[in-house]
Number of protein chains: 2
Amino acid sequence: MKVLLIEDDREIIDAISLAFQIRWPEATLIPTRLGQKGVELVESESPDIVILDLGLPDVNGFDVLRQIRLFSQVPTIILTVRSDEADIVKGLEWGADDYITKPFRQLEFLARVKALIRRQVGAEEELVVFGPLRLDPTTGQLSYSGKEIALTVTESQIMAHLMRNGGRAVTHASLAGAVWGDDYPGAADSLKVHIRRLREKVEENPSNPRLILTRTGIGYFMARPE
Amino acid sequence: MKVLLIEDDREIIDAISLAFQIRWPEATLIPTRLGQKGVELVESESPDIVILDLGLPDVNGFDVLRQIRLFSQVPTIILTVRSDEADIVKGLEWGADDYITKPFRQLEFLARVKALIRRQVGAEEELVVFGPLRLDPTTGQLSYSGKEIALTVTESQIMAHLMRNGGRAVTHASLAGAVWGDDYPGAADSLKVHIRRLREKVEENPSNPRLILTRTGIGYFMARPE
DNA sequence: AGAGGAGGTTACAAAAAGGTTACAGTTTGC
DNA sequence: GCAAACTGTAACCTTTTTGTAACCTCCTCT
């Protein structure tokens, strides 16, 4: 989970860093003190949420929000000392999703951040990554060395299992179990056909594989590509 | 747009009714003074948003929220006199989306309601753009390679969903969920018919589509046109 | 060298998924 | 109030995916 913080006040940065460290250490905080830099970071880093201070030294905070909204719908919380109603309305109408006034309370702040992230649709979309291979197990979309390869459901399950154990051998039983459940007699035959089909999709020469390798008597394993 | 208000204080009901009448007359306000009744109304009326007062006479407000969350993800704003931080956190963690303390300011209140609805349905979005395709989801008007194509409401929802995920596969479940909600048995049949109708409108040869492509076992995806 | 095991390769058929069409119930616009 | 448009259902057809089985190749062990 990536959180972009656009804020110039060192005290606030520290307070928020601390809050995340204590309450939500698995989140990555990307801080910047400049609004312009912030807009660029939204594009380059694709954060899951943006926290934007309206009182920046270089540019007007509303402008930053407007620029972000030109190309991104990233959830954005506005943070400011002003508690003026007109500002709140303006911020929300311009596309902010929430609004917190300083001084804020640590727990409320984090609760709002989490409530907003929960609302996001693709928030739980997880990718299986192994070296240069990236697989989206829900769609069966595999990216590998610039190519986009479409896998079927079964292929995707096998591939995900191999990638999650990337580098280590996976037994036939474990692989078959992940796809067909533990006791299905035909699995052995079916598996070798599916391995072939996978190799035809990902290997340069399917009969001389460099990625999905055989461990005779054991199972298969995925070699880390150079 | 339906707004369910669960509130017992006559003054607050009046204040909110007035705010809606003046600022947002096209919204329908459904008021109830009982928490239990409120839960039933969420089910029977399917409101677009719920405003829930925690200080109800018959039941505890948190219980009402919990009961609603058992079957519905409707956006919910909690309204209360308590400004105690623990309550705010508790409310948000239990699934509320926003929290406003009384006394509240009319404009801020409405801005928060609208911001919540907007991030719920993406209603604010004027245009969905993908490559040379431009879709106005509010009117169903689609421009594509010089042609102006009128889509029906359902078609437009499906198209928008595909375009927003342009290039990436979208699962049947996600597509159907976006149109008919999450558990509607007939969705699978209906979806394939709507896909056909869309293809008849946008494809040169609907039986050999180049834009709306199938991922068997997964769903559909929109190919980036050259 | 030959037998046996393990996995590879291919072809084909069954099953699942999706495509196509027609029709009927509803809603919408005049 | 009627015609047109929209939507969902169902029946039937086509394509894709999956599983099965036969045969092949390679390696090992005797």
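The chains referred to below are lettered A, B, ... by the order of the sequence lines, with proteins before strands, and numbering in each begins at 1.
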So, does [X] get its side chain near the phosphate of [N], meaning an N or O under 4.0 Å from OP1 or OP2?
{"X": "B:S207", "N": "C:dT20", "result": "yes"}
{"X": "B:Y220", "N": "C:dA17", "result": "no"}
{"X": "A:R196", "N": "C:dT9", "result": "yes"}

Would you call [X] and [Y] a salt bridge, taking side-chain N to carboxylate O under 4.0 Å as the test?
{"X": "A:K2", "Y": "A:E45", "answer": "yes"}
{"X": "B:D9", "Y": "B:R33", "answer": "no"}
{"X": "B:D97", "Y": "B:R69", "answer": "yes"}
{"X": "A:E155", "Y": "A:R197", "answer": "no"}

Margin query: Within the 3.5 Å criterion, strictly below it, is a donor on B:Q141 or B:R134 matched to an acceptor on the partner's side chain?
Written below: no

Per-helix bend value, the helix from C:dA1-D:dT30 to C:dC30-D:dG1, C1' rotation axes over five pairs per end, 10° rounding, shows 30°

inquiry  = What I'd like to find out is whether the side chain of A:L133 reaches to under 4.5 Å of the side chain of A:L211, using heavy atoms alone.
reply    = yes

In 5'-to-3' order, the base (B), backbone-only (S) or no-contact (-) status of each nucleotide in nucleotides 2-17 of chain D, using a 4.0 angstrom heavy-atom cut-off, is ----SBBBB-----SS

When rounded to whole Å, the CD1 to P distance for the pair B:I195 and C:dA17 reads 17 Å

